[in-house]
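Heads up, the thing below is written out as structure tokens.
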Amino acid sequence: MEERKLSRRKKGFSVPVMCSAEKQISLDGSHYSLSSGILPSLGGKTSRVVKLRRFIISPYDKRYRAWETFLIVLVAYTAWVCPFEIGFLQKPTGALAICDNLVNGFFAIDIIVTFFVAYLDRTTYLLVDSRKEIAWKYTRSWLFLDVVSTIPSELAHMILPRQLRSFGFLNILRLWRLRRASALFARLEKDVNFNYFYVRVTKLTCVTLFVVHFAGCFFYLIGSKYPDPTQTMVALAVPDYHKDSLWIPYVTTIYWSITTLTTVGYGDLHAVNQRERLFVIGYMIFNLGLTAYLIGNMTSLAVQMTGRTSKFRDTIQAASDFAHRNQLPDHLEDQMLAHLCLKFRTDSEGLQQQEILDALPKAIRSSITHHLFYSIVQKVYLFHGVSTDMLFQLVAEMKAEYFPPREEVILQNEAPTDFYIIVTGSVDLIDYKNGTPKASIIREAETGDLVGEIGVLCYRPQLFTVRTKKLSQLLRLNRTTFLNIVQANIRDGTIIMNNLLQYLKEQKDPVMEAVFRETEKVLARGRLDLPLTLCFAAIRGDDLLLHQLLRRGMDPNESDNNGRTPLHIAASKGSDKCVLLLLDYGADPNCKDSEGCVPLWDAILGKHEGVVKLLVDNGADIFSGNMGQYACIAAEQNSLELLKDIVRYGGDVTAPKIDGTTALHLAVCEGNLEVVKFLVEHGADIDKPDNHGWSPRKLADQQSHEEIKALFREKTQSSDKSASVTNSSTSPRLRITGHPSIPFFFQEHQRSSSGGKTAGKIHHRRKANFHNSLFGIMSAVHGGDSHPHQHHHSPPPIRVTISCPEKSDMASKLVLLPGSLEELFYICTQKFGFSPTKALTKDDEAEIEDINLIRDGDHLILVSDAWQVGEHNCK
């Protein structure tokens with residue numbers, strides 16, 4: 001998007017250019033200045049790069065800033081020379097006149113440049129770059145004074161009346177340029193690259209010097225214009241001052257001016273005539289205000305430098321008085337004073353981050369704390385394995401605090417409100433036995449360790465007193481804030497709870513073992529405030545906790561990041577009670593994880609016969625998953641028993657994986673003859689290539705497995721013999737001259753019939769799952785259907801048995817019912833080697849005219865027109 005909007009006039013409305021936000025970085029990238037920023041309009045799109053019209057200069061351009069700095073030097077020259085010319089010279093001559101005209105020339109150039117400099121609209125805080133707007137604003141403001149102040153002295157003497165020529169009115173107008181110095185100091189005071197104290201002192205010094213110089217020059221002008229030159233203050237101090245150098249009367253008047261300004265006049269120089277007395281009266285009245293201004297500013301600066309120290313001393317004294325008045329023990333008083341001293345030191349040295357962070361927007365604050373503390377928090381044992389998102393949220397809510405040596409951070413038996421991560425330093429964990437003064441140090445915690453977490457997570461009084469050993473920086477996290485974050489990231493809460501239980505289990509301390517046992521009991525009753533998931537209960541095999549969570553309305557089909565549900569986990573672990581509970585509460589027995597595995601397969605892999613029976617009795621089908629992967633896993637493990645289990649539960653061991661690899665490919669690579677023979681007997685195709693063009697036959701030839709090659713030759717000869725018998729039939733319908741052209745959709749169906757969804761390219765995409773989020777919990781509590789497939793399972797595929805009396809030597813085949821009779825006939829062609837034209841029921845031999853009439857478990861008899869049912873005994 002374009003970074004600015006061109007200024008234009010339309011119906012009297014001006015649209016200015018929008019520029020970068022306040023605290024804009026300068027073009028040289030060297031500093032930040034509050035005075036160099038432009039406030040954008042609400043909702044305005046801004047950029048740090050300011051684009052203006054052609055030949056329009058940005059007031060924040062570094063070249064224009066250099067030009068302004070050069071003009072400040074000329075302003076300083078003007079501030080000194082103009083009062084001097086008014087008081088001591090009739091008119092400038094020689095080199096002084098040349099310098100004056102040269103300076104006037106530079107300011108005349110600046111007048112021209114100003115017509116091309118964009119200005120800031122104080123009502124909209126937008127930068128205006130319209131030439132007409134710039135010219136109109138400059139003409140209405142300072143153009144006249146800028147022009148008058150650049151008129152040469154020679155021209156002024158020609159223009160002004162004779163009586164005004166000697167009073168230097170034009171030089172007085174040139175002092176208008178001092179406004180540039182005021183603007184410079186205003187900008188420097190807001191620039192963080194310059195020390196505010198020194199900038200302010202420099203400004204006050206310059207104001208004082210200018211006032212002294214101007215008053216001295218003007219006082220000399222009054223005396224020089226008096227009718228009686230001997231009746232002046234300068235004449236009394238220096239009788240022949242007209243004959244001497246101008247340096248002597250200049251020093252004399254400056255001396256008088258500064259002693260009068262500071263109100264310490266010694267009386268050696270004083271007003272003599274009436275004009276001088278009137279001027280002195282006005283000068284003294286002016287000095288009252290100027291002196292008050294100077295003293296007030298200097299006092300304010302001094303207070304700023306010493307105020308914190310004074311406040312610290314008062315706080316220390318008040319704390320000490322409080323301890324003495326209430327007769328506190330010495331160690332408590334020492335802890336109080338040490339903490340206050342540390343706070344003062346960290347504040348003064350800039351080490352306390354929290355005060356700075358609290359003043360920033362949350363986004364910037366989060367980014368800073370992430371940069372400072374993320375690497376430390378990530379290594380804490382409690383957060384191993386949690387998501388990056390949750391770690392980012394936790395770090396953003398942590399508060400950094402400093403503690404002096406030997407200060408107690410947590411007291412034993414206090415309420416668990418916070419826990420701490422040690423960033424620097426170390427602490428001791430101290431156990432006071434039964435509240436007695438006698439204490440024992442349990443262990444020392446160092447950088448990266450966690451303290452106080454057991455009380456917070458198990459919601460019990462703190463086990464130990466935590467005391468610092470040396471200056472330590474700790475990250476504090478509030479219990480309520482922590483639980484709120486975990487509530488929105490329940491899976492991460494499960495990981496945190498597992499980490500805690502594992503940590504307690506690994507400790508060899510009797511106290512920790514007691515806490516571990518008590519925590520397990522509380523978990524079983526579901527009374528912990530920490531949100532838990534069904535997967536957590538299933539991993540632990542805790543059917544009591546699982547029952548508690550299910551009764552709360554949690555979704556039994558919730559899944560983890562890999563798509564594994566509690567039923568997957570319970571089946572893999574052989575937890576009969578957990579599996580039964582989940583099924584009773586509506587868990588899907590055929591749900592698939594991201595790899596296509598179903599709970600039945602996990603139970604078969606784990607050889608949990610009881611779980612397998614439970615799942616099968618509740619409608620679990622192994623063919624609902626990735627059949628090709630199951631068969632390949634069994635082949636890789638050289639497990640003939642596992643392959644038999646797949647077949648026993650209705651699976652297809654010939655199905656391919658995504659890359660076209662079948663179990664037969666892997667069995668040939670492994671050289672396992674028994675597995676190869678089993679697969680071939682169950683219909684595995686020895687010539688079916690994978691996606692790289694390798695068939696099992698080619699692999700056997702390439703790897704020289706002679707026994708497997710012999711088995712394949714025997715299989716080929718048997719197939720050729722069957723084909724020759726088929727081709728010698730007298731029936732023209734039984735003669736197969738080649739495979740018909742098969743539509744693509746039918747090929748896909750055949751692949752799915754063989755291997756579920758393993759053929760073709762399958763993308764396993766992780767589904768967005770909100771069932772463990774706060775919204776998922778709320779919808780579950782209110783009875784919302786957060787998991788649609790929980791109640792709307794897709795119907796299982798129909799399986800039918802086909803046989804052919806014309807091929808009585810072939811066994812019956814159990815196949816999945818295709819979408820049409822034509823596809824069923826094609827399957828028969830592939831299985832039995834002939835082309836049928838009719839499908840009959842086994843019981844009453846009625847002809848089936850529509851595929852929708854077939855039901856699951858039917859036995860079909862396929863025949864051709866040339867054969868009569870009764871004559872060929874088609875059963």
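The aromatic ring centres of H213 and Y250 sit less than 6.0 Å apart. The aromatic ring centroids of W247 and F88 lie 6.0 Å or more from each other.
When each of I72, L204, T202 is checked for a side-chain contact (heavy atoms from CB on, under 4.5 Å) with F185, only T202 meets the rule.
The ring-ring contact (aromatic ring centres under 6.0 Å, His included) search around Y198 returns none, not counting sequence neighbours. Every residue meeting the salt bridge (Lys or Arg N to Asp or Glu O under 4.0 Å) condition with R200, not counting sequence neighbours, appears here in chain and number order: E189. Checked against salt bridge (Lys or Arg N to Asp or Glu O under 4.0 Å), E68 has the following partners two or more places apart in sequence or in another chain: R65. In this structure, R140 has no salt bridge (Lys or Arg N to Asp or Glu O under 4.0 Å) partners at least two apart in sequence or on a different chain. Residues satisfying the ring-ring contact (aromatic ring centres under 6.0 Å, His included) criterion with F403, sequence neighbours excluded, are absent altogether. Under the ring-ring contact (aromatic ring centres under 6.0 Å, His included) criterion, Y226 pairs with no residue, sequence neighbours left out. Taking F392 as the reference, H370 meet the ring-ring contact (aromatic ring centres under 6.0 Å, His included) condition, with sequence neighbours excluded. With sequence neighbours left out, the salt bridge (Lys or Arg N to Asp or Glu O under 4.0 Å) criterion links R275 to no other residue. Scanning for side chain to side chain donor-acceptor pair (under 3.5 Å) contacts around E397 gives an empty result, with sequence neighbours left out.
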Query raised in the report: T208 and L294: side-chain contact (heavy atoms from CB on, under 4.5 Å), yes or no, with the steps?
Result: CA-CA 9 Å; T208 303; L294 295 175; 3.4 Å; yes
Query raised in the report: Step by step, would you call F116 with I134 a side-chain contact (heavy atoms from CB on, under 4.5 Å)?
Result: CA-CA 7 Å; F116 297 92; I134 295 172; over 6 Å; no
Requested in this report: For the pair E133 and Y119, evaluate side-chain contact (heavy atoms from CB on, under 4.5 Å) and give the outcome as yes or no after the intermediate values.
Outcome: CA-CA 9 Å; E133 294 288 336; Y119 72 90; 3.7 Å; yes
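There is a side-chain donor-acceptor pair under 3.5 Å between Y138 and D146. Side-chain polar atoms of T252 and Y220 form no donor-acceptor pair below 3.5 angstrom.
Legend: salt bridge (Lys or Arg N to Asp or Glu O under 4.0 Å) pairs involving residues 277-292, not counting sequence neighbours: none detected. For residues 107-120, the set of pairs meeting the salt bridge (Lys or Arg N to Asp or Glu O under 4.0 Å) definition, not counting sequence neighbours, comprises D110-R180.
Of the charged side-chain nitrogens involved, none lies within less than 4.0 Å of a carboxylate oxygen, so that D121 and K137 do not count as a salt-bridged pair.
No side-chain heavy atom of Y196 sits less than 4.5 Å from a side-chain heavy atom of L188. At a threshold of 4.5 Å between non-hydrogen side-chain atoms, the residues I285 and I281 count as touching. Within the 4.5 Å cutoff, no side-chain heavy atoms of L474 are placed close to those of I421.
Panel note: side chain T150, backbone V148; no donor-acceptor pair is recorded below 3.5 Å. With T468 contributing its side chain and E407 its backbone, the two residues share a donor-acceptor pair below 3.5 Å.
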All N/O donor-acceptor pairs, side-chain side in residues 96-108, below 3.5 Å, sequence neighbours left out:
| residue | atom | partner | partner atom | Å |
| --- | --- | --- | --- | --- |
| D100 | OD1 | Y77 | OH | 2.8 |
| N101 | ND2 | A97 | O | 3.3 |
| N104 | OD1 | R177 | NH2 | 2.8 |
| N104 | ND2 | D100 | O | 3.2 |

